[in-house]
Amino acid sequence: MRVTKVNNMTEKYNMPDERGHFGPYGGMFVAETLIPPIQELNAAYQRYLTDPEFIAELDADLQHYVGRPSPLYHAERWSRELGGAQIYLKREDLNHTGAHKVNNTIGQALLAKRMGKTRIIAETGAGQHGVATATVAARLGLECVVYMGAVDVARQALNVYRMKLLGAKVVAVESGSKTLKDALNEALRDWVTNVDNTFYIIGTVAGPHPYPAMVRDFQAIIGREAKQQCREMTGRLPDALVACVGGGSNAIGLFYPFIDDASVKMYGVEAAGDGIESGRHSAPLCAGRPGVLHGNRTYLMEDDDGEIIETHSISAGLDYPGVGPEHAWLKDIGRAQYVNITDNEALEGFHALTRMEGIIPALESSHAMAYTMKLAPTMKKDEIIIVSLSGRGDKDMHTMAQREGIAL
Amino acid sequence: MSRLAAKFEQLSNAGRKALIPFITAGDPHPEFTVPMMHAMVKAGADIIELGVPFSDPMADGPVIQRASERALAHKMSLRKTLMLALEFRRTDQQTPLVLMGYLNPIEAMGYENFANAAQEAQIDGVLTVDLPPEEGEECMGLLKARGIDPIFLLAPNSSEERIRKMDALGSGYLYYVSLKGVTGAGHLNTADVENKLKQIRANTRLPVGIGFGVKDAETARTVSGIGDGVVIGSALISKIEANLHDPERARVEIVELLAAMRQAMDS
């Protein structure tokens with residue numbers, strides 16, 4: 001495996017290649033039984049991506065069911081308080097089901113329906129993707145099974161209950177570290193067993209090709225809207241974008257439509273947990289190295305023998321040892337910068353947004369907020385940051401209360 | 001001729017089928033593995049598949065997952081697996097040895113380092129579950145250049161085109177995954193396997209080993225009537241798991257099961 005460094009990008013960005021490679025990253029590293037369904041999925045995705053009827057149905061659902069476009073909100077008070085750049089929040093927390101995840105599940109579920117699949121499976125960490133999947137499955141009348149690490153089932157009980165109300169079966173995964181990566185393993189095992197009738201809705205820009213590109217394309221509505229809204233509100237492009245990165249779907253959704261706009265800086269915020277130096281974190285781009293997991297080559301948290309090591313983050317949605325392969329590529333070519341925020345810093349971001357703007361962010365999004373608190377004061381007052389507020393914090397009330405010693 | 005090709009030719013001439021047991025290196029502890037391998041050969045094994053433990057074995061059912069976890073608890077690794085293989089070779093120069101595992105430990109070691117180390121350990125074949133031919137050119141090329149056979153999987157849903165691709169790129173044997181699912185799952189449908197094997201044989205001259213779903217002497221007999229080799233993994237590892245307090249007992253039970261399978265396949 002070779003990692004190519006490309007420092008100047010003069011051509012228009014056009015990734016991945018036809019086999020799903022972002023430079024040395026991405027690809028299709030799966031067992032033979034999954035090759036036919038992945039090829040079938042890729043064919044359907046390529047076909048419907050440009051099908052006017054499919055696009056029209058997707059757009060209508062995004063508008064009337066999800067509630068798009070989501071607002072771009074100028075957080076004036078918080079911007080003033082921080083004393084630097086003007087902060088605009090892309091309000092994905094206002095989507096139906098409370099996070100950006102539904103942009104993707106709507107799209108994949110429509111694909112599943114067209115492919116004649118009757119059963120939907122998904123993995124979930126924080127439960128947001130599981131809820132978004134259970135939601136669209138309920139709406140389309142499809143059977144739904146969600147795999148969730150047993151540790152996450154315990155810390156995201158509210159979302160487990162929501163999924164069950166929506167008619168999904170939630171399977172607590174007891175293998176390995178009992179978190180998101182193990183849920184993904186178990187979902188892949190289910191898929192390999194039930195390939196004929198089952199559609200696997202992956203929730204992030206990871207997995208084998210075409211998932212990283214497909215999920216990105218469904219999430220890119222975040223960045224397309226933000227770009228247009230920013231122009232309408234300010235007459236120009238933003239100077240910086242900030243988004244949290246676990247697998248990286250909200251970040252790539254925001255970044256992708258801006259990749260060719262060289263003046264726009266991009267910051268992906270990984271979870272540093274107890275701190276990078278503690279080793280207890282979930283920051284493969286900041287502190288990992290390339291390897292192959294879950295169908296693609298990307299940066300991973302692994303030991304010297306190539307065994308995946310356990311990750312840590314206060315936010316279940318960022319608690320993953322890999323990251324989308326496109327982020328690995330954007331890091332290597334220097335187009336995006338990847339930084340990290342500890343659990344404690346994320347909590348400061350959580351409280352700051354809550355108290356300054358009356359918006360309670362998800363713990364995942366709180367990492368982006370915390371980095372914004374560092375970044376904004378270093379920028380001029382007429383500069384603009386767009387921050388992805390990828391989800392709302394209702395699901396995290398128990399974690400927060402517990403952390404602060406409060407019995408609910 | 002590679003040790004694997006020679007073994008299949010020799011078996012074919014004798015009108016016999018290959019018995020191919022799988023165990024995970026280092027399960028339940030590293031000292032168990034090499035004596036177990038020798039005992040399996042004595043019980044009638046023709047080829048041994050040695051599993052390299054991995055933290056995230058996505059294609060494996062719970063039995064082999066737990067075997068990986070037990071081995072990793074003893075710090076087993078790809079390097080240490082190769083050391084066990086070499087130890088086995090010191091006293092057995094005949095039995096072909098196939099490494100079976102996932103790509104990431106190989107990536108971590110580096111393809112060239114791995115190919116060299118596998119050659120030094122006198123490995124005969126490498127089966128990497130999550131490395132399809134599309135992604136495997138570089139790694140497989142390095143192995144082939146050192147006389148190591150790349151073993152590819154075929155599945156019930158593999159197209160004729162893919163069977164021909166595996167025939168062109170693979171050597172040693174092809175491993176037919178007899179059911180859609182993970183290792184150790186369900187019951188295999190004999191008629192389905194027979195039909196698929198007709199299609200596979202029409203598109204390859206490589207021997208075909210059949211695995212996933214072989215549980216006992218009876219299924220081994222049935223499967224050996226269809227393919228050129230019978231792979232058995234989870235059923236053996238279940239014996240280890242049932243006797244964690246008494247590995248000697250596990251060894252005896254594994255030997256008994258393999259001997260019964262051998263007898264059923266030869267009768």
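Every chain is numbered from 1 and lettered A, B, ... according to where its sequence line falls, protein lines coming before strand lines. All values below were derived from every heavy atom in this structure, side-chain atoms included, with hydrogens, water molecules and symmetry-related copies excluded.
For CE of A:Met115, the number of neighbouring non-hydrogen atoms (other residues, nucleotides, ligands) closer than 6.0 Å is greater than 12. No more than 12 heavy-atom neighbours from other residues, nucleotides or ligands sit within 6.0 angstrom of CZ on A:Arg47. When the shell of 6.0 Å around NZ of A:Lys169 is examined, it contains 12 or fewer heavy atoms from other residues, nucleotides or ligands.
Contact detail for A:Glu307 and B:Pro53: the closest heavy-atom pair is OE2-O, 3.1 Å. Of all heavy-atom pairs spanning A:Arg189 and B:Met58, the tightest one is CG-O, 3.0 Å. Shortest non-hydrogen contact noted between B:Pro132 and A:Met28 is CG-O, 3.2 Å. Taking all atoms of both residues into account, the shortest heavy-atom contact from A:Thr193 to B:Val182 is OG1-N, 4.1 Å. Taking every heavy atom of both residues into account, B:Phe54 and A:Gly306 meet most closely at CE1-O, 3.3 Å.
Considering only heavy-atom pairs separated by less than 4.5 Å from chain A, the leading option among B:Gly61, B:Pro57, B:Pro62, B:Pro133 is B:Pro57. When the candidates A:Ile308, A:Val195, A:Leu188, A:Asp182 are compared by the number of heavy-atom contacts under 4.5 Å with chain B, A:Ile308 comes out ahead. Highest contact tally toward chain A, considering only B:Ile106, B:Thr128, B:Asp60, B:Val177, is held by B:Asp60 [criterion: heavy-atom pairs under 4.5 Å].
Of the atoms belonging to B:Leu153, heavy atoms from both backbone and side chain fall under 4.5 Å from chain A. Looking at B:Glu134, the atoms closer than 4.5 Å to chain A (heavy atoms on both sides) sit in the backbone and in the side chain alike. Neither the backbone nor the side chain of A:Leu184 comes within less than 4.5 Å of any heavy atom in chain B. Contact of A:Gln39 with chain B is made through the side chain alone, with heavy-atom distances under 4.5 Å.
Here CZ of B:Phe152 is found 9.0 Å from CD of A:Glu32. Values are rounded to the nearest 0.5 Å. Annotation: the span from A:Ser175 atom OG to B:Arg66 atom CZ amounts to 10.0 Å, rounded to 0.5 Å. The distance from atom CG of A:Asp304 to atom CZ of B:Arg79, rounded to the nearest 0.5 Å, is 8.5 Å.
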| A:Val292 vs B:Leu103, side chain to side chain contact (heavy atoms under 4.5 Å, CB included): CA-CA, chis, key distance, verdict | CA-CA 7 Å; A:Val292 170; B:Leu103 182 59; 3.7 Å; yes
| said: Is there a side chain to side chain contact (heavy atoms under 4.5 Å, CB included) between B:Asn157 and A:Thr33? Walk through the geometry before answering. | reply: CA-CA 7 Å; B:Asn157 51 359; A:Thr33 316; 3.9 Å; yes
| task | Mind running side chain to side chain contact (heavy atoms under 4.5 Å, CB included) on A:Asp305 and B:Leu78 for me, showing each step along the way? | result | CA-CA 7 Å; A:Asp305 294 321; B:Leu78 176 54; over 6 Å; no
| message | Please evaluate residues A:Glu302 and B:Ser55 with respect to the criterion side chain to side chain contact (heavy atoms under 4.5 Å, CB included), reporting the C-alpha separation (whole Å), side-chain torsions for both, the decisive distance (0.1 Å), and the verdict. | response | CA-CA 10 Å; A:Glu302 60 174 19; B:Ser55 53; over 6 Å; no
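A salt bridge links A:Asp196 with B:Lys180: the closest approach of a Lys/Arg side-chain nitrogen to an acidic carboxylate oxygen falls below 4.0 angstrom.
Side-chain polar atoms of A:His21 and B:Glu135 form a donor-acceptor pair below 3.5 angstrom.
Residues A:Leu300 and B:Asn104 are in side-chain contact: their nearest non-hydrogen atoms beyond the backbone lie under 4.5 Å apart.
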